[in-house]
Amino acid sequence: MTTEHFISPHGRELAYRRFAPARTDLTYVWLCGFKSDITGSKVMCVEQWAKDAEHGFLAFDYSGHGESGGAFEDGTISQWREDALDAIDALTSGPLVLVGSSMGGWMALLSGLARRERLAGMVLIAPAPDFTEKLMWPEFTPRQREEIMEQGLTLRPSDYGDPYPITKALIEDGRSWQLLDSPIDLECPVRILQGAEDPDVPWRHAFRLVETMSTKDLVFTLIKDGDHRLSRDQDIARLLATCTEIAGITNQ
């Protein structure tokens, strides 16, 4: 599908792809990971699956990501949450299944809490709620922490491309959106796919959602040889089967 753009209520130009549901009333919303965008293999496969199943679909780039406007280093968790809610509100209607990968898992949880009346289910892939405080900050060296606090940012090496600028604003703002230290009051079906060999989001971090989410309809799947991306053919097949399962549950 062709990527389109809209200006959000917060004045940001966001790139997106979408189509309305045809056979069902469900819309699957893809929420990208940190420094990721809507050109990835998983999102493309979920998009095609949703089209074939005649569900609705939405994927968008947060500001500073992909084809959306803005600078990545200006982004915060608050801003990207606003982008998610603006895209959902402007571009979808009816019940939602939120599909979040890595940071997108955090965005899915925050969006679900804000729009719980529309939430039909969630599929989380290597979910990374609270990652700025609980995963990034403890890994920084004293020098990196000093750079963040005194200079406003540090460059964090990445296995997926150029180093990421991590700003003081991102770290401090992320502390306002921590979820794992108290119950997460969501009652929809939730499915979590997690790689045991994930170097970025340790499986025990993702597993904390099992303990904090109130829903009883939660299944945590640990893929013993899985990495962070979970983008192998067998991983994508598992993801699509999980999306199919959620659709079946919501239609009962």
Side-chain angles (χ1 to χ4, degrees), residues 29-46 59 62 65-66 72 77 80 84 97-112 121-141 144 154-166 170-171 174 177-181 184 189-213 215 218-243 245-246:
V29 179
W30 180 270
L31 295 130
C32 292
F34 187 69
K35 208 73 165 62
S36 186
D37 60 48
I38 56 174
T39 64
S41 58
K42 292 193 296 295
V43 59
M44 294 288 193
C45 289
V46 172
Y62 312 112
H65 289 68
F72 174 78
I77 301 304
W80 296 330
V97 178
L98 303 181
V99 186
S101 177
S102 193
M103 183 185 80
W106 195 359
M107 292 295 115
L109 292 162
L110 293 173
S111 299
M122 304 181 78
V123 179
L124 308 178
I125 307 133
D130 304 8
F131 78 91
T132 50
E133 183 70 11
K134 293 181 173 65
L135 296 179
M136 273 189 177
W137 188 251
E139 291 181 354
F140 287 143
T141 65
Q144 288 174 312
T154 189
L155 293 178
R156 182 174 188 255
S158 169
D159 293 333
Y160 310 109
D162 294 334
Y164 299 158
I166 305 300
L170 175 67
I171 295 296
W177 298 106
Q178 302 292 288
L179 294 175
L180 292 176
D181 297 323
I184 301 172
V190 176
R191 300 294 180 266
I192 300 172
L193 305 176
Q194 175 67 41
E197 296 184 5
D198 185 338
D200 300 307
V201 180
W203 72 264
R204 288 178 178 83
H205 180 84
F207 189 77
R208 289 182 65 177
L209 285 169
V210 178
E211 303 167 319
T212 55
M213 296 195 77
T215 179
L218 188 157
V219 178
F220 183 95
T221 301
L222 185 65
I223 298 106
K224 187 172 182 179
D225 64 346
D227 60 8
H228 182 61
R229 289 190 167 183
L230 291 179
S231 58
R232 302 168 300 178
D233 290 345
Q234 63 267 38
D235 298 323
I236 290 176
R238 186 179 290 108
L239 169 59
L240 300 183
T242 303
C243 290
E245 179 191 0
I246 291 290

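Count residues from 1 along the sequence. Values reported hereafter were calculated over all heavy atoms of this structure, with side chains retained and with hydrogens, waters and symmetry mates removed.
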key: Phe34/Thr132 under side chain to side chain contact (heavy atoms under 4.5 Å, CB included): CA gap, chis, key distance, verdict   = CA-CA 11 Å; Phe34 187 69; Thr132 50; over 6 Å; no

With side chain to side chain contact (heavy atoms under 4.5 Å, CB included) as the criterion, how do Met213 and Ile184 come out once you've worked through the C-alpha distance, each side chain's angles and the decisive distance to 0.1 Å? CA-CA 5 Å; Met213 296 195 77; Ile184 301 172; 4.3 Å; yes

Can you list the steps and then say if Gln178 with Lys134 is a side chain to side chain contact (heavy atoms under 4.5 Å, CB included)?
CA-CA 9 Å; Gln178 302 292 288; Lys134 293 181 173 65; 2.9 Å; yes

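For the atom pair CE (Met107) and CH2 (Trp177), the distance works out to 9.0 Å, reported to the nearest 0.5 Å. Here the straight-line distance linking atom CZ of Arg229 with atom CD1 of Ile236 works out to 11.5 Å at 0.5 Å rounding. Taken from CG in Asp198 to CD1 in Ile125, the straight-line distance is 12.0 Å, to the nearest 0.5 Å. Ile246 CD1 to Met122 CE: the interatomic distance, rounded to the nearest 0.5 Å, is 10.0 Å. Rounding to the nearest 0.5 Å places CZ of Arg191 at 14.5 Å from CZ of Arg238.
Val97 places none of its side-chain heavy atoms less than 4.5 Å from the side chain of Cys243. Proximity of Arg232 to Asp225: side-chain heavy atoms (C-beta onward) are separated by under 4.5 Å at one or more points. Looking at heavy atoms from C-beta onward, Val219 lies out of side-chain contact with Thr242 at the 4.5 angstrom threshold. Between Leu110 and Ile77 there is a side-chain heavy-atom pair separated by less than 4.5 Å. The shortest distance between side-chain heavy atoms of Leu239 and Cys45 does not fall below 4.5 Å.
By the 30° and 60° cut-offs, the orientation of the rings of Phe72 relative to Tyr164 is tilted. Between Trp106 and Phe131, the two ring planes are perpendicular [angle over 60°; tilted spans 30° to 60°].
For Asp130 (side chain) and Glu133 (main-chain N/O), no donor-acceptor pair under 3.5 Å exists by modelled atom type. A donor-acceptor pair is defined here as one N or O able to donate and one able to accept, closer than 3.5 Å; such a pair exists between the side chain of His205 and the backbone of Pro129.
The two residues Ser36 and His65 have their closest heavy-atom pair at O-CD2, 3.2 Å.
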